[in-house]
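In what follows, chains are A, B, ... by sequence order, proteins preceding strands, each numbered from 1. Reckoned from all heavy atoms, side chains included, excluding hydrogens, waters and symmetry mates.
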Amino acid sequence: MRARMKLAMNIEPLDLDQTLGCGQTFRWHRSADGCWTGPLDGQIIRLSARGTNIEVDAHPGGPGVRALVASHLRAEDDVPKIQRALARDPVLRRGLPHVKGLRIVKMDEWECLVSFVLATYANIPRISGMIDTISERYGSPIGDGVNAFPRHSQLSKASSAELARCGLGYRANYLRELCDEIDDHAIKQMKRLPFERLREKLKELPGVGDKVADCVSLFGFGRLEAFPIDVWMERALARLYRKKGTYRELREFAASKFGQYAGYAQEYLYFNERLNAGNGACVFSNE
DNA sequence: GCCCAGGAGTGTG
DNA sequence: CACACTCATGGG
């Protein structure tokens, strides 16, 4: 019987389904009863909504669990204030009531970097599969048959041939080279860089271009001004703003329109565009 | 079987 | 700088 701990937290607003299920992060799983379970910094965390509170079930638990969850869900963000600022844009204003509890998450920088390098040109179920595989093979067991995401030192032991057998496709080589070109210390140094310099530094890494650099800046390094643009976002910008162009042009468009909260705007639009493709239930429109 | 995927790297115009 | 082509493969 593993050690186990329960506690209640108040992080508002928060919609677990929207926040953990929208493709920002890949290791949370929803069970039929609506609980979300995932590995976080060596803990297995289960989250469930209890009115305006969330119940946190952690094992092994410990004094750091509350801070861990608060950090991951960015409890410090004043989301209503962010949404009031973004509501100056008429397109966002109409849909914001439907995504009140969609928050940006804060991932571990290394995990985020690897995850989004693997995420290139793959769909979300496959990305989850790739990440599960490398976690099973190279991460440390933390209970219930779940492994932590492999640390840099653990993943660095994998040969290129081994990684190729993890179903990563051409991404295996990126990951192998990535391990050689960065380490925990370099990541620690990068945390201090201003956004644009961080972005340029990330782009020097193998497998990291504009889009991955923006994802890692946003979800890993917590830079809310980052605005990742993938195929879904290109569609959203074309459909809702009649805006097309190169990555640079779209990025500058977003920066001028959404400013310091571009990352939140991106996640709202991304969430909506995928809904739109799925069942037509889009919540943002330009009409 | 076909199509597409939270793109990046490389070479060319 | 902008575009075209290639990369390897699982999930819908």
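In this structure, A/Tyr121 forms an aromatic stack with the base of B/dG7, since both conditions hold: centre separation below 5.5 Å and plane angle below 30°.
Ranking C/dT9, B/dA8, C/dA2 by closeness to the A/Arg126 side chain, first place goes to C/dT9. The side chain of A/Asp230 has B/dG6 as its nearest neighbour among C/dC7, B/dA8, B/dG6. Comparing B/dA8, C/dA2, C/dC1 against the side chain of A/Arg248 picks out C/dC1 as the nearest. The side chain of A/Glu249 lies closest to C/dA2, out of C/dA2, B/dG6, C/dC7.
Protein atom CG of A/Leu237 is 14 Å distant from nucleotide atom C1' of B/dG6, rounded to whole Å. Atom C1' of nucleotide B/dA8 and atom CG of A/Leu202 are separated by 14 Å, given to the nearest angstrom. Distance CD1 (A/Ile127) to P (B/dA5): 11 Å, rounded to an integer number of Å. Between A/Phe26 atom CZ and B/dA5 atom C1' there is a gap of 12 Å when expressed in whole angstrom units. Protein atom CD of A/Glu177 is 15 Å distant from nucleotide atom C1' of B/dG7, rounded to whole Å.
In this structure, A/Glu234 reaches neither bases nor backbone, as no heavy-atom distance under 4.0 Å exists between it and the strands shown. Heavy atoms of A/Met233 sit under 4.0 angstrom from at least one base atom. Nucleic acid contact for A/Phe219: base, since at least one base atom lies under 4.0 Å from a heavy atom of the residue. Here A/Pro125 lies in heavy-atom contact (under 4.0 Å) with sugar-phosphate atoms only. No engagement by A/Asn173 is indicated, since no non-hydrogen atom pair under 4.0 Å with the nucleic acid exists. At a threshold of 4.0 angstrom between heavy atoms, the contacts of A/Val117 with the nucleic acid are absent. Contacts of A/Leu205 with the nucleic acid, taken as non-hydrogen atoms under 4.0 Å apart, involve only primed sugar atoms and P, OP1 or OP2. Residue A/Gly207 is in sugar-phosphate contact alone, with no base atom involved, counting any heavy-atom pair closer than 4.0 Å across all strands shown.
Put simply, A/Arg235 has a side-chain N or O that comes within less than 4.0 Å of OP1 or OP2 on B/dA5. Under 4.0 angstrom from either OP1 or OP2 of C/dC7 there lies no side-chain N or O belonging to A/Arg171.
On the C1' atoms, B/dC4 is 14 Å away from C/dA8, given to the nearest whole Å. Separating the C1' atom of B/dG1 from that of C/dG10 is a span of 14 Å, rounded to the nearest Å.
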Could you go through residues 249-256 of chain A and list every donor-acceptor pair under 3.5 Å that involves a side-chain atom there, pairing it with any protein atom two or more places apart or in another chain?
| unit_1 | atom_1 | unit_2 | atom_2 | d |
| --- | --- | --- | --- | --- |
| A/Glu249 | OE1 | A/Thr246 | N | 2.9 |
| A/Arg251 | NH2 | A/Glu196 | OE1 | 3.1 |
| A/Arg251 | NH2 | A/Glu196 | OE2 | 3.0 |
| A/Ser256 | OG | A/Glu252 | O | 3.2 |
| A/Ser256 | OG | A/Phe253 | O | 2.9 |

Which pairs of donor and acceptor atoms, one on a side chain in residues 36-45 of chain A, lie under 3.5 Å apart (sequence neighbours left out)?
| unit_1 | atom_1 | unit_2 | atom_2 | d |
| --- | --- | --- | --- | --- |
| A/Trp36 | NE1 | A/Asp17 | OD1 | 2.7 |
| A/Gln43 | OE1 | A/Gly61 | N | 2.8 |
| A/Gln43 | NE2 | A/Gly61 | O | 3.1 |

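The pair A/Arg4-A/Asp57 meets the salt-bridge criterion, with a side-chain N (NZ, NE, NH1 or NH2) lying under 4.0 Å from an Asp/Glu carboxylate O. Note on A/Lys106 versus A/Asp77: no salt bridge recorded, every NZ/NE/NH1/NH2 to OD/OE distance being 4.0 Å or above.
Side-chain atoms of A/Tyr170 and A/Thr120, non-hydrogen and from C-beta on, do get closer than 4.5 Å to each other.
When each of A/Tyr174 and A/Cys215 is assigned the nucleotide of DNA chain B bearing its nearest heavy atom, the one mapping closer to the 5' terminus is A/Cys215.
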Exercise for the section: Apply side-chain hydrogen bond (donor to acceptor under 3.5 Å, both in side chains) to the pair A/Gln24 and A/Tyr270, showing each step before the final yes or no. Expected result: CA-CA 10 Å; A/Gln24 315 180 56; A/Tyr270 177 78; over 6 Å; no
